[in-house]
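Right, one structure below, let's go through it.
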Protein chains: 2
Amino acid sequence: MRAAFELFTVQGYEGTTVDDITAAAGVSRRTFFRYFPSKEDVIFPDHDSVLDRVRWYLGASANTEPVFAVAEAARLIFESFVATPEQTLARYRLTREVAVLRDREVASVARYERVLSDYLRSRLPKTSEAALAAHVAAASFVAAHNQVLREWLRSGGATDPHPALDVALTTVADLITPLIARSSRQSSQSTV
Amino acid sequence: MRAAFELFTVQGYEGTTVDDITAAAGVSRRTFFRYFPSKEDVIFPDHDSVLDRVRWYLGASANTEPVFAVAEAARLIFESFVATPEQTLARYRLTREVAVLRDREVASVARYERVLSDYLRSRLPKTSEAALAAHVAAASFVAAHNQVLREWLRSGGATDPHPALDVALTTVADLITPLIARSSRQSSQSTV
DNA sequence: TGATGTCTGTCACTCAGTGCCACTATGGTT
DNA sequence: AACCATAGTGGCACTGAGTGACAGACATCA
């Protein structure tokens with residue numbers, strides 16, 4: 001991974017072959033593909049584990065307030081990026097330039113969003129209003145997360161991003177809570 | 001494209017080589033790659049043109065109410081999918097099964113979202129509050145759009161999706177409008 | 001000493017995608 | 001009629017990602 005990042009920043013992503021990486025790392029080509037399913041995956045090593053952690057967290061928060069749980073899940077994702085600033089920054093620089101990597105990043109963000117909306121849907125009545133609310137809520141939290149993260153990355157990771165994250169998450173929570181509450185009530189309303 | 005879709009549905013995406021497609025279509029391999037930058041692009045032919053149309057629409061709506069304009073832009077995207085139901089349905093079935101294609105779809109949705117949020121940011125003061133509002137708003141509209149589209153596709157494209165789209169867009173518009181209004185005022189507030 | 005399992009390297013192969021060159025058909029020019 | 005420009009196409013060779021099969025190295029345990 002270290003060899004790959006160094007080569008990517010010098011030669012660019014497309015300008016670096018897997019052979020280059022393995023030669024620099026002193027392993028064989030075959031070994032590389034045993035540890036990374038594809039060349040792109042060298043850059044996104046821990047997305048799966050974070051996704052699992054988020055799933056686990058949400059699975060354990062069946063009794064907490066749904067909107068709060070989702071906000072905390074977003075915070076969890078955020079922390080996983082902030083925990084390794086150099087790596088996150090290097091990845092950010094690469095994903096800005098290389099379209100394939102940006103698409104990959106976007107895809108993994110979409111997976112986070114999916115996990116959040118699935119959780120919300122599981123906590124809400126099975127109406128189309130609730131489904132809409134769940135998707136909008138998940139998308140809003142992810143958007144807030146992304147916005148704060150991007151701003152932080154653009155600043156070079158210098159400042160403490162947590163105050164901004166708090167503001168963003170509470171803003172979205174305040175926005176979303178009534179929508180979720182309304183869609184939860186919807187079912188009891190139809191029963192009445 | 002027709003040959004490709006037929007082969008994809010029979011043999012699967014990964015099970016179909018470009019050679020298969022070109023043989024079925026009666027053209028050479030080289031010709032294929034002149035029309036489609038990659039194998040994936042056979043399935044997403046008109047995303048770029050739709051994106052351009054949305055950009056154009058938003059570029060022309062500098063005087064309309066921003067939230068309304070974004071909602072209409074989302075409707076524009078929606079219409080582009082509904083206009084060709086068979087193709088959209090076939091694509092939907094493929095993207096559900098093949099991860100590469102799903103990621104590709106997600107990436108193009110992200111581009112739509114980007115266009116919407118860029119527009120909103122251009123219509124709002126240059127504060128971080130406004131930037132957050134813009135991203136959340138764009139994400140919410142896209143989420144609403146996606147939700148209605150998915151529901152429609154799951155139903156097999158049988159019902160008329162427009163009533164559901166109207167509901168979803170107005171729901172999001174009602175939700176988002178105060179947020180946008182607040183972030184617009186923010187700048188004049190700081191002047192006071 | 002032998003059996004087992006894990007990690008690694010080598011080799012050969014498929015397939016996506018690109019660059020280069022040659023061929024053909026068409027339409028317009030003199 | 002001969003001449004040219006140009007757009008579309010095919011052929012060919014090449015790079016590079018990714019995979020499957022096999023064999024050797026090494027540590028562990030019996």
Side-chain angles (χ1 to χ4, degrees), chain A residues 1-49 51 87 90-91 93-108 111, chain B residues 1-49 51 87 90-91 93-108 111:
Chain A
M1 276 177 53
R2 193 150 29 85
F5 265 96
E6 282 168 8
L7 286 169
F8 287 164
T9 50
V10 175
Q11 311 178 3
Y13 178 78
E14 330 249 48
T16 307
T17 68
V18 175
D19 282 328
D20 293 340
I21 301 170
T22 56
V27 292
S28 85
R29 185 182 158 63
R30 199 64 188 81
T31 300
F32 175 91
F33 281 110
R34 267 191 260 269
Y35 285 88
F36 308 103
S38 81
K39 186 182 162 188
E40 302 171 8
D41 286 289
V42 195
I43 306 177
F44 308 102
D46 48 3
H47 268 172
D48 282 350
S49 69
L51 202 62
Q87 196 182 338
R91 186 164 54 196
R93 285 186 212 106
L94 280 173
T95 49
R96 256 193 333 189
E97 287 161 7
V98 185
V100 191
L101 299 179
R102 189 167 46 243
D103 288 0
R104 180 64 182 261
E105 179 91 64
V106 164
S108 72
R111 271 185 266 280
Chain B
M1 278 176 51
R2 193 150 27 86
F5 266 97
E6 282 167 9
L7 286 169
F8 288 164
T9 49
V10 175
Q11 312 177 3
Y13 178 77
E14 330 248 48
T16 308
T17 69
V18 175
D19 281 329
D20 292 341
I21 302 170
T22 56
V27 293
S28 84
R29 183 183 158 62
R30 198 65 190 82
T31 299
F32 176 91
F33 281 110
R34 266 191 261 269
Y35 285 88
F36 308 103
S38 80
K39 186 180 160 188
E40 302 171 7
D41 286 289
V42 194
I43 305 177
F44 308 103
D46 47 3
H47 268 171
D48 282 351
S49 70
L51 203 62
Q87 196 181 336
R91 188 163 54 193
R93 285 185 212 108
L94 281 174
T95 51
R96 255 194 333 187
E97 285 160 7
V98 186
V100 191
L101 299 179
R102 188 169 46 242
D103 288 0
R104 180 66 181 262
E105 179 90 65
V106 164
S108 73
R111 273 186 265 280

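Naming convention: chains lettered A, B, ... in sequence-line order (proteins, then strands); numbering from 1 in each chain.
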The side-chain contact (heavy atoms from CB on, under 4.5 Å) partners of B:Ala90 (sequence neighbours excluded) come to B:Phe5, B:Arg93
Are any protein N/O atoms closer than 3.5 Å to N/O atoms in nucleotides 5-8 of chain C? If there are, list each pair with its distance.
unit_1, atom_1, unit_2, atom_2, d
C:dT8, OP2, A:Tyr35, OH, 2.4

Residues in side-chain hydrogen bond (donor to acceptor under 3.5 Å, both in side chains) with A:Thr95, at least two apart? none
Can you tell me how far apart CE (B:Met1) and CD (B:Gln87) are? Round to the nearest 0.5 Å. 4.5 Å
In residues 2-12 of chain B, what residues come within less than 4.0 Å of DNA chain D, judged by heavy atoms? none
Taking only residues two or more places apart in sequence or in another chain, which ones pass side-chain contact (heavy atoms from CB on, under 4.5 Å) with A:Thr22? A:Val18, A:Asp19, A:Val27, A:Phe32
Toward the 5' end of DNA chain D, by each residue's nearest nucleotide, A:Asp19 or A:Arg30: A:Asp19
With a cut-off of 3.5 Å and sequence neighbours excluded, list every side-chain donor-acceptor pair involving residues 35-44 of chain B.
unit_1, atom_1, unit_2, atom_2, d
B:Ser38, OG, B:Glu40, N, 3.3
B:Ser38, OG, B:Asp41, OD2, 2.8
B:Lys39, NZ, B:Tyr13, O, 3.1
B:Lys39, NZ, B:Thr16, O, 2.7
B:Glu40, OE1, B:Arg104, NH1, 2.7
B:Asp41, OD1, B:Arg104, NH2, 2.5
B:Asp41, OD2, B:Ser38, N, 3.2

Mind checking the CZ-CG spacing from B:Arg96 to B:Leu101? Nearest 0.5 Å is all I need. 13.0 Å
Rounded to the nearest angstrom, tell me the gap between atom CZ in A:Phe36 and atom P in D:dG16. 20 Å
Side-chain donor/acceptor of A:Arg29 to base of D:dG18, under 3.5 Å: yes
Rounded to whole Å, how long is the line connecting atom CG of A:Asp41 with atom C1' of D:dA17? 12 Å
Please report the distance, rounded to the nearest Å, between CZ in A:Phe33 and P in C:dT10. 15 Å
Pairwise 5' ranking along DNA chain D for A:Ser38 and B:Phe32, keeping only the more 5' one: B:Phe32
Flag the pair B:Asp103 and A:Arg111 as a salt bridge only when some basic side-chain nitrogen lies within less than 4.0 angstrom of an acidic carboxylate oxygen. yes
Run the side-chain contact (heavy atoms from CB on, under 4.5 Å) test against A:Ser28 and tell me which residues pass, sequence neighbours left out. A:Arg30, A:Thr31
Between atom NZ in B:Lys39 and atom P in D:dA17, what is the gap in whole Å? 18 Å
Which part of the nucleic acid does A:Thr16 contact within heavy-atom distance under 4.0 Å: base, sugar-phosphate only, or nothing? sugar-phosphate
Residue pairs fulfilling salt bridge (Lys or Arg N to Asp or Glu O under 4.0 Å) with at least one residue in residues 1-18 of chain B, sequence neighbours excluded: none
